[in-house]
Amino acid sequence: MINITLPDGSVREYKKGVTAFEVASSISEGLARNVLSARVNDRIVEISTPIQTDSSLRLFTWDDEEGKKAFWHSSAHILAQTLEFFYPSVKLTIGPAIENGFYYDVDLGDEHISDKDFQKIEKKFLEFAREKAEFKLKEVSKADALAMYAKQGNQFKVELIENLNDGEITFCDHSNFTDLCRGGHLPNTGLVKAVKITSIAGAYWRGDENKPQLTRVYGISFPKAKLLEEYLVMLEEAKRRDHRKIGKELELFTFSEKVGMGLPLWLPKGAELRSRLEEFLKKAQIKAGYQPVITPHIGHKDLYVCSGHYDKYGEDSFQPIKTPKEGEEFLLKPMNCPHHCEIYKSKPRSYKDLPVRFAEFGTVYRYEQSGELHGLTRVRGFTQDDAHLFVRPDQIIEEFKKVIDLVKYVFASLGFEDYEAQISLRDKNNPDKYIGSDENWEKAESAIIKAAAEKDLKTTVVYGEAAFYGPKLDFMVRDALKRKWQLGTIQVDYNLPERFELEYMGSDNQKHRPIMIHRAPFGSMERFVAILTEHCEGKFPLWLAPEQFAILSISDKYLAQAEKTLLLLRENGLRGYIDDRAEKIGRKIRDTELQKIPFMLIIGEKEEESNTVSVRKQGHGDLGSKTPEEFVELINSEINEMISAF
RNA sequence: GCCGAUGUAGCUCAGCGGUAGAGCACUUCCUUGGUAAGGAAGAGGUCACGGGUUCAAUUCCCGUCAUUGGCUCCA
């Protein structure tokens, strides 16, 4: 008999060789039906894998990441089987599960797949799935495995196997298909009930552009047809919310070939929205003790040589501009921090002055690869809501916590409720990647972890993701469609103070080196506005909306009354306009709804007589009539509900 | 940067080896209408750009540029 420890801590006794599936069956019939994958101690296994020793066991279903992973990874096998069916000479490489589905990279030789082939692939895929073929893991000797793929001329698999040790090489069989595989599969193919081939793309072998290019087939699969339908609806929804589409419809921003790719032009309404966001943050930052600074758009090359950015990112910057006479080289500013370091250095600092917090909405330019540009989320010129805090070692935790407070405030005011903190620490096995002493790293890492814990942040820790100069905390936000975005970031930096020889006079009358904290709650204004637009589908929070109301006159007889009302509302700090077109009221309402203006005020004979407005709320219809004063009150109270003082 | 797809009116898109199409938007006129599209007329395009094939190219081929889905990168 062996003891199996379950996640709740309970220990059950089973006979040796029991499988995860049998354990699930012994717990409940429902669990047995739904279990897809399992983890024995630290190893992901098939639920049919016999367990030989005392172990801890965790069972995964579709609702767990690991369950989905097994599901999608198994689907990748079926996809490979299907591709092999249609393209017998195909060379298989790798086929992992990803966040939303799976892919398989194949070398098709002279063959081509196009999106016209998707349907037939899906059809055959499901035929294979319905065979309910069991996934069976078997061990193969290195020699046999190499021989098999060498015979097929599959240099990719040969390369993979060469990097594995004999004795740990496994293949997974199902039906008449076999593939090199570490494991973590469903019990059989029959659980996959629905599949969609989503796209096709080129991908380099091992992600290296000098290696051969493979064809990557992306797909997603589900245990129920209904889930696929829901997924497709979600994709449609994402398309509807695409900030590039809404940005065009609501006239927020545009691009011009003449101006240059990746260089956004903010239209009046977008600029209105953005400056409102900036004002909002500036106000909170002043309260939090930040000092605004302003720095130029270009900087001497030596500045970035000093900061190390030139060495590391010179290739990714716009190339230096030379002064005509002296031949001095200047770079378009790719970062604000070097400038802020120089501001710090502009006078001697005492330990009593610290922390010093410099904030700037600094526009930076980076030469992003052309293929990577995307709407406002990836551009070549963008504005960071940047700030750099220069702190003493003993202040790190406190300052970090304050920054977390600020970020939380920003998110709460904008309707982002679902987020977690990702703490990126160094990879201790790879010390060469990082600069700074072990002691400092230790301190900074524990400071971040402690600060996050004290601020009740939901956190995940990833090792090896830290920047070379220090650990960081990124805010990962889920939007209304549950998509994950990285927004705010807080980073600890030992590197720049060193390079710029920043100092402060300590209480001991000795010079000390401050530590820098970089932070940006929005990240970049461009990216943030894009994400916010998709999150709220262009229906911006009332306090941010470029126009808060539109006055719709029943006919032009009431335009004078409309003007009077507009003036009064504007005097009360509200933003709006009159739709004075010679259109019927139904038409005006429709157009205003589509423009996502939060409130519509209808003015006709009745309203003119009683000096009221008939209020309609975007998406909610008629709210009845109110006096203009009541309407001001309504808007203000809605805003106050959402956004409190920092 | 690399691989694939796309590029037709301000927008969304149809079309095609033989004089360029629709809906919306726009302009003008009519309509002054009470809670999601009133009516009519008009204007608007070197079919991304440059080459080639052809009697003839927006259409077929090549190149460039841009957009886009990925890959790589992301201070």
Side-chain angles (χ1 to χ4, degrees), chain A residues 98 103 105 112-116 198-218 242 244-245 248-249 251 254-262 304 307-317 333-338 364 366-375 377-380 382 384 386 467-470 472 486 489 491 493 495-496 518 520 523-524 527 552-559 580-595 600-607 614-625:
Chain A
I98 52 177
Y103 66 77
D105 280 351
H112 286 279
I113 301 182
S114 88
D115 44 13
K116 289 161 199 82
T198 46
S199 73
I200 190 154
Y204 300 107
W205 170 237
R206 306 223 136 165
D208 181 343
E209 58 184 291
N210 300 312
K211 301 231 162 106
Q213 180 136 21
L214 308 170
T215 302
R216 176 169 297 180
V217 182
Y218 283 90
D242 191 316
R244 291 168 301 181
K245 178 170 134 65
K248 201 175 268 178
E249 285 166 359
E251 297 181 9
T254 189
F255 289 90
S256 146
E257 280 187 32
K258 256 195 186 125
V259 171
M261 55 161 103
Y304 306 107
S307 70
H309 290 114
Y310 188 78
D311 218 29
K312 204 161 165 58
Y313 297 108
E315 297 272 301
D316 304 319
S317 301
K333 175 165 74 176
M335 283 299 287
N336 299 303
C337 22
V364 297
R366 296 178 184 177
Y367 176 74
E368 303 287 357
Q369 297 190 70
S370 59
E372 196 50 50
L373 301 173
H374 178 95
T377 56
R378 195 70 189 271
V379 287
R380 285 180 168 173
F382 57 98
Q384 296 178 314
D386 216 352
F468 72 92
Y469 51 74
K472 60 177 183 172
Q486 184 204 313
T489 179
Q491 314 184 354
D493 183 358
N495 178 42
L496 284 182
H518 308 240
S524 98
R527 187 178 151 80
L552 316 184
S553 53
I554 295 289
S555 83
D556 55 17
K557 283 188 223 152
Y558 313 105
L559 281 180
D580 58 1
R581 294 174 303 164
E583 293 291 349
K584 290 189 172 180
I585 195 65
R587 175 55 179 276
K588 291 187 182 182
I589 288 169
R590 178 184 156 80
D591 290 349
T592 315
E593 285 280 349
L594 292 178
Q595 278 295 304
M600 278 157 267
L601 306 178
I602 295 168
I603 292 186
E605 190 182 0
K606 205 174 78 198
E607 288 76 18
S614 173
V615 180
R616 259 188 85 98
K617 187 169 176 172
Q618 208 269 341
H620 292 80
D622 200 349
L623 298 187
S625 68

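Chain naming here is simple, since letters A, B, ... match the order of the sequence lines and numbering starts at 1 in each.
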| message | In whole Å, measure the gap between the C1' atoms of B:rG21 and B:rU53 for me. | response | 27 Å
| task | Kindly say whether, by distance alone, the side chain of A:Tyr204 makes a donor-acceptor pair under 3.5 Å with the base of B:rC2? | result | yes
| field | Euclidean distance, A:Met335 CE relative to A:Arg366 CZ, rounded to 0.5 Å | value | 5.5 Å
| message | Could you check whether any side-chain N or O of A:Glu249 sits under 3.5 Å from a backbone N or O of A:Gln595, counting only pairs where one atom can act as donor and the other as acceptor? | response | no
| remark: Rounded to whole Å, NZ of A:Lys258 lies from C1' of B:rC49 at a distance of 13 Å
| query | To the nearest 0.5 Å, what is the distance between CD1 (A:Ile554) and NZ (A:Lys606)? | reply | 9.0 Å
| Say you pick atom P in B:rU31 and the same atom in B:rU46; how far apart are they, in whole Å? | 37 Å
| Do any side-chain nitrogens or oxygens of A:His374 fall under 4.0 Å of OP1 or OP2 in B:rG69? | yes
| Is the backbone of A:Tyr218 close enough, under 3.5 Å, to the side chain of A:Ser199 for a donor and an acceptor to pair up by distance? | no
| B/S/- contact track for nucleotides 31-36 of chain B, protein heavy atom under 4.0 Å | BBBBBB
| field | Interatomic distance, A:Leu373 CG vs B:rC73 P [rounded to whole Å] | value | 17 Å
| request: May I have the distance from A:Asn495 (atom CG) to B:rA75 (atom C1'), rounded to whole angstrom? | output: 11 Å
| message | For a quick check, tell me whether the side chain of A:Arg378 and the base of B:rC73 share a donor-acceptor pair closer than 3.5 Å. | response | yes
| field | Euclidean distance for P, B:rA14 against B:rU8 (whole angstrom) | value | 10 Å
| Rounded to the nearest Å, what distance is computed from the CZ atom of residue A:Arg380 to the C1' atom of nucleotide B:rU67? | 13 Å
| query | Salt bridge between A:Lys557 and A:Glu605, side-chain N to carboxylate O under 4.0 Å? | reply | no
| request: Hunt down any stem RNA chain B takes part in, defined as 3 or more consecutive Watson-Crick or G-U pairs whose two distances are each under 3.5 Å. | output: B:1-7 with B:65-71, B:10-13 with B:21-24, B:26-30 with B:38-42, B:48-52 with B:60-64
| For atom CZ of A:Phe255 and atom P of B:rU67, their distance in whole Å | 8 Å
| request: Not counting sequence neighbours, which residues clear side-chain hydrogen bond (donor to acceptor under 3.5 Å, both in side chains) with A:Arg590? List them please. | output: none
I'd like a table of atom pairs between the protein and nucleotides 9-12 of chain B - only N or O on both sides, under 3.5 Å - with the distance next to each one.
residue: B:rU12; atom: OP1; partner: A:Lys248; partner atom: NZ; Å: 3.1

| Under 3.5 Å: donor-acceptor pair, side chain of A:Arg380, backbone of A:Tyr367 | no
| query | Quick one: is B:rU68 close enough that its OP1 or OP2 comes under 4.0 Å of any side-chain N or O from A:Arg244? | reply | yes
| message | In this structure, how many angstroms lie between the C1' atom of B:rC2 and the CZ atom of A:Arg216, rounded? | response | 13 Å
Please produce a list of atom pairs where a protein N or O lies less than 3.5 Å from an N or O of nucleotides 62-66 of chain B.
residue: B:rA66; atom: O2'; partner: A:Glu257; partner atom: OE2; Å: 3.3

| query | How far does the C1' atom of B:rA48 sit from the matching atom of B:rA57, given to the nearest Å? | reply | 16 Å
| query | Taking the side chain from A:Ser553 and the backbone from A:Asp556, do they hold a donor-acceptor pair closer than 3.5 Å? | reply | no
| said: Suppose you measure atom C1' in B:rA5 against the same atom in B:rG10; what distance do you get, rounded to whole Å? | reply: 25 Å
| query | Please give, in whole Å, the distance from B:rC74 P to A:Phe382 CZ? | reply | 14 Å
| said: Rounding to an integer number of Å, can you tell me how far A:Asp242 CG sits from B:rU67 C1'? | reply: 13 Å
| said: Would you measure the distance from the P atom in B:rC61 across to the matching atom in B:rG17 and give it in whole Å? | reply: 12 Å
| request: Could you tell me which residues satisfy side-chain contact (heavy atoms from CB on, under 4.5 Å) with A:Asp386, sequence neighbours excluded, listed by chain and number? | output: A:Asn336, A:Gln384, A:His388
| note | On RNA chain B, more 5' by nearest nucleotide between A:Gln369 and A:Gln491 is A:Gln369
| field | Rounded distance in Å between the C1' positions of B:rU6 and B:rG44 | value | 24 Å
| said: For the P atoms, the ones on B:rC49 and on B:rU59, what distance do you get once it is rounded to whole angstrom? | reply: 10 Å
